[in-house]
Amino acid sequence: MTENLIETVDLHKSFTVNGKETLHVLKGVTEHIAKGEVVSIIGPSGGGKSTFLRCLNLLERPESGKIIFEGVEITGEKVDINLHRQKMGMVFQHFNVFPHLSVKKNITLAPVLLGKRSQAEADEQAEQLLSRVGLLEKKDEHPGRLSGGQKQRLAIVRALAMEPDVMLFDEPTSALDPEMVGEVLDVIKALVKSGMTSVIVTHEMGFAREVSDRILFMDGGVIAESGNPDDIMNRPQNPRTKEFLSKVLY
Amino acid sequence: MDFFSNIVKIMAKYWKVFLLQGVGYTLLLSAITVVCGAVLGLLLYLGRTARFKPLNWLCIAIVEVVRGTPMLLQLYIAYFLVPKILPFHVTEFGSVTVGLVINSGCYVSEIFRSGIQAIDKGQTEAARSLGLNGRQTMMRIILPQAIKNILPALGNEFITVVKETSLASTFFVGDLMTSYLKVKGNTYLTMECLTIVGVIYFVLTFILSKLLNAFERRLKAHD
Ligand SMILES: Nc1ncnc2c1ncn2[C@@H]1O[C@H](COP(=O)(O)OP(=O)(O)OP(=O)(O)O)[C@@H](O)[C@H]1O
Ligand SMILES: [Mg+2]
């Protein structure tokens, strides 16, 4: 039996827009992500993909429902979420690298500050990670000098430096110029191959099909369909999945 | 012309009053105001973002009231109230300075707020997603970036305060405008004295803003 790394139970999340109206964004999401599993989330804009992903490390707090990570109910009271977040790496659409820190310091800040490593150990690890993604010669530059693709590769290894048990990607290539998408996808592919549990929100259908063990189709605040890539892409059951795929694939 | 020869005569006799006492007190008053105002401003900013809601409301209310009433009125209140409230003896200079500090602190708290809010929300999210707590995120990620917005704005506040301290002359605290009142009282040469003081204020703020520009360029060059 495979072990669940993350489990969500009936997650609900609303936002207040313009101070008054409430927008019900997640309408009961129950899902399991197994250790070592690679799950892609696809679906139309506004369907709640980012919100769901951001709930997993509580960047958004669901109003109701449970999130269980490595056996701990992190939505419960008296949980130090900062400790659990150390085990969940996150990569954002807009990179969010730290512009005031050198490339190397971007990577070493968290492990050193959080007492995971000494500065010397962290420096050594940072250089290893940077050479893995072809950025070693940039280690002393500031991120302002990097291209979008390089920033995103930096953001990925920054998260990896905490040695997370799962990586959450929110449209990691959507803000990139087309010629830089490949270099970032290659890094993610290599990571996934090494066995990293990953949840990837993406609009790159070919990539999702290639790397995923499972694809979730999210629409209207629920997971409307879930299955292996071949089934979802070639034999979608839900009419909304069919409609979405026909729009993005052709 | 009489006007210019009068100015020369006044300066020959009273240059110490204008340039030493007046400029000295104005700069001293401004420096105290901005330094203490920055501390108070930071406290007010922290208060309005604290988790304890009543503290938020109190700090917001203070800032709004101070920003919405004339400074001269606040100085009057400080002048009369501060000596009554404090258990030890305060000079008039002290009381008026308290008024200036409170006024400036409220504007500075807005400087902190806008400087910090200008930092992209993604920076906080990235830091928190790595496991940093709120304080670590503020100290290591947000403030080091926000300081580049805050310092130049604080410099501008200093220049503004240099001019605003002239209101403190209402209470004869010895600043540059007080020098004007004194010398005019002795010479009865109003326009001449006003011109002298005006030129000194202008030169002061001009020099300060040039220094500030140079400082800002250096901050930018470090990026
Ligand atoms: N902080 C917020 N405040 C108010 N509304 C929000 C907030 N975050 C998201 N929403 C709204 O919630 C809905 C779902 O957003 P979400 O970002 O989860 O969608 P998504 O599936 O990721 O879409 P996309 O493909 O465009 O990224 C959208 O209508 C969005 O406008
Ligand atoms: Mg999204």
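What you see below is based on every heavy atom in this structure, not just the backbone, and it leaves out hydrogens, waters and symmetry mates. Worth saying up front: this structure is predicted, and the values here are computed from it rather than measured.
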Evaluate the salt bridge (Lys or Arg N to Asp or Glu O under 4.0 Å) criterion for residues A:E7 and A:K66: first the C-alpha distance (whole Å), next the side-chain angles of each, then the deciding distance (0.1 Å), finally the verdict.
CA-CA 8 Å; A:E7 196 180 333; A:K66 277 197 250 182; over 6 Å; no
Contact class of [X] relative to chain B, heavy atoms under 4.5 angstrom:
X	answer
A:V91	neither
A:K116	neither
A:R54	side chain
A:F98	both
A:M162	side chain
A:L114	side chain
A:L168	neither

Under 6.0 Å from the CD atom of A:E73, do we count more than 12 heavy atoms belonging to anything else shown?
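Buried by this count: over 12 neighbours within 6.0 Å.
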Measure from the side-chain N and O atoms of A:T75 to the backbone N and O of A:I67, and report whether any donor-acceptor pair falls under 3.5 Å.
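Yes.
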Side chain of A:N96, backbone of B:G122: donor and acceptor closer than 3.5 Å?
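At least one qualifying donor-acceptor pair exists.
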Which residue out of [options] racks up the most heavy-atom pairs below 4.5 Å with chain B?
options	answer
A:Q93, A:R158, A:H84	A:R158
A:G144, A:G89, A:P99	A:P99
A:I81, A:D80, A:L109	A:L109

If we define contacts as heavy-atom pairs under 4.5 Å, which of B:I141, B:T124, B:D120 has the most with chain A?
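Of the candidates given, the most pairs with chain A belong to B:I141.
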Minimum-distance pair of heavy atoms, taken over all atoms of A:R153 and A:G134
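Distance-wise, the nearest heavy atoms are NH1-O, 4.1 Å.
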Regarding [X] and [Y], do their side chains bring together a donor and an acceptor under 3.5 Å, going by distance alone?
X	Y	value
A:S212	A:S40	yes
A:Q86	A:N82	no
A:S102	A:D140	no

